[in-house]
Amino acid sequence: VQLQASGGGLVQAGGSLRLSCAASGRTFSSLNVGWFRQVPGKEREFVAAIVRGGGYTNYADSVKGRFTISRDNAKNTAYLQMNTLKPEDTAVYYCAADQGVWNVVRMTKPNKYDYWGQGTLVTVSS
């Protein structure tokens, strides 16, 4: 499976961005999808995840109420709508896909994912 993340950029605090994660190479609807982010010198941090059918989602506390994960299996694409952005949201954002069983705790662990995209940089200025 190949994942292509896009949509990052520079935005002012309080603004919005929508990230996309386009998948190819395997039936996208059979995969759970997660978004993670990373800043230099820190570990990759869980942001949000969505089950293969789209019926369940999970969010990090730091983004709950501001970010929304969604997916369109017909387009083989997942999204991360990010609103009310803060400078501390600045990071490289990665999408990842998982073949396993949906579990809210398991989906927060980067090492549980099978496929990764290349990352897209989000910079939030104050």
Side-chain angles (χ1 to χ4, degrees):
V1 175
Q2 291 78 45
L3 301 175
Q4 181 78 29
S6 62
L10 174 64
V11 64
Q12 287 189 330
S16 298
L17 281 175
R18 188 176 81 156
L19 306 183
S20 298
C21 176
S24 61
R26 179 177 169 151
T27 305
F28 181 67
S29 60
S30 69
L31 302 170
N32 302 315
V33 173
W35 285 96
F36 290 78
R37 63 188 182 187
Q38 190 169 24
V39 297
K42 291 193 174 181
E43 293 186 352
R44 198 160 291 190
E45 175 190 26
F46 170 74
V47 176
I50 187 166
V51 72
R52 47 182 53 86
Y56 295 101
T57 57
N58 186 32
Y59 296 92
D61 288 342
S62 58
V63 306
K64 207 170 286 185
R66 300 188 297 122
F67 291 12
T68 302
I69 188 171
S70 62
R71 64 190 296 162
D72 185 339
N73 286 340
K75 295 183 178 180
N76 289 345
T77 303
Y79 305 96
L80 185 68
Q81 177 66 45
M82 305 186 295
N83 298 330
T84 319
L85 282 160
K86 304 176 181 179
E88 52 263 44
D89 294 319
T90 295
V92 177
Y93 283 71
Y94 298 89
C95 63
D98 160 65
Q99 307 175 89
V101 176
W102 170 263
N103 174 278
V104 291
V105 174
R106 180 171 173 277
M107 292 294 96
T108 67
K109 312 296 184 185
N111 62 355
K112 299 301 183 184
Y113 287 79
D114 303 293
Y115 310 102
W116 288 86
Q118 85 291 358
T120 185
L121 177 63
V122 172
T123 304
V124 184
S125 63
S126 56

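Values reported hereafter were calculated over all heavy atoms of this structure, with side chains retained and with hydrogens, waters and symmetry mates removed.
Counting heavy atoms from C-beta on, the side chains of L19 and V122 come closer than 4.5 Å. When side chains are defined from C-beta on, V33 counts as touching F28, because their heavy atoms get closer than 4.5 Å. Contact check for T108 versus N58: side-chain heavy atoms found under the 4.5 Å cut-off. Between V11 and M82, the closest side-chain pair of non-hydrogen atoms is not below 4.5 Å. Side-chain contact between R37 and V63: present, with at least one pair of heavy atoms (C-beta onward) separated by less than 4.5 Å. Between E88 and S62, every side-chain heavy-atom pair lies at or beyond the 4.5 Å cut-off. Counting only heavy atoms from C-beta outward, the side chains of S29 and R52 never approach each other to under 4.5 Å.
When hydrophobic clusters are built by joining Ile, Leu, Val, Met, Phe, Trp and Tyr residues whose side-chain heavy atoms come closer than 4.5 Å, directly or via intermediates, L10 is not grouped with V124. Criterion: ILVMFWY side-chain heavy atoms under 4.5 Å apart, direct or through other members. Under it, V92 and W116 are part of a common hydrophobic cluster. The hydrophobic cluster containing W102 also contains V105, counting ILVMFWY residues as joined when their side-chain heavy atoms lie under 4.5 angstrom apart, directly or transitively.
Of the candidates T68, V47, I50, L80 forms a side chain to side chain contact (heavy atoms under 4.5 Å, CB included) with just one, namely V47.
Considering only residues two or more places apart in sequence or on other chains, F46 meets the ring-ring contact (aromatic ring centres under 6.0 Å, His included) condition with F36. Among residues two or more places apart in sequence or in another chain, the side chain to side chain contact (heavy atoms under 4.5 Å, CB included) test is passed with K64 by Y59, D61. Residues satisfying the side chain to side chain contact (heavy atoms under 4.5 Å, CB included) criterion with T77, sequence neighbours excluded, are S20, A22, K75, Y79.
Q118 places a side-chain N or O within donor-acceptor distance of the main-chain N or O of A5, the cut-off being under 3.5 Å. Side chain of R71 to main chain of V51: a donor-acceptor pair is present (N/O by atom type, distance under 3.5 Å, no hydrogens or angles). Distance alone, capped at 3.5 Å, places no donor-acceptor pair between the T120 side chain and the Y93 backbone. Side chain of Y113 to backbone of M107: a donor-acceptor contact under 3.5 angstrom is found. A donor-acceptor pair under 3.5 Å is absent between the side-chain atoms of N73 and the main chain of G53, judged by distance alone. The backbone N or O of T84 sits less than 3.5 Å from a side-chain atom of R66, completing a donor-acceptor pair. Not a single donor-acceptor pair under 3.5 Å links the side chain of R44 to the backbone N or O of Y94.
The distance from the CD atom of Q12 to the OG atom of S126 is 9.5 Å, given to the nearest 0.5 Å. To the nearest 0.5 Å, the span separating CG on N111 from CZ on R106 amounts to 9.5 Å. How far CG of L85 is from OG1 of T123: 10.5 Å, rounded to the nearest 0.5 Å. Considering OH of Y115 and CG of L3, their distance stands at 9.5 Å, rounded to 0.5 Å.
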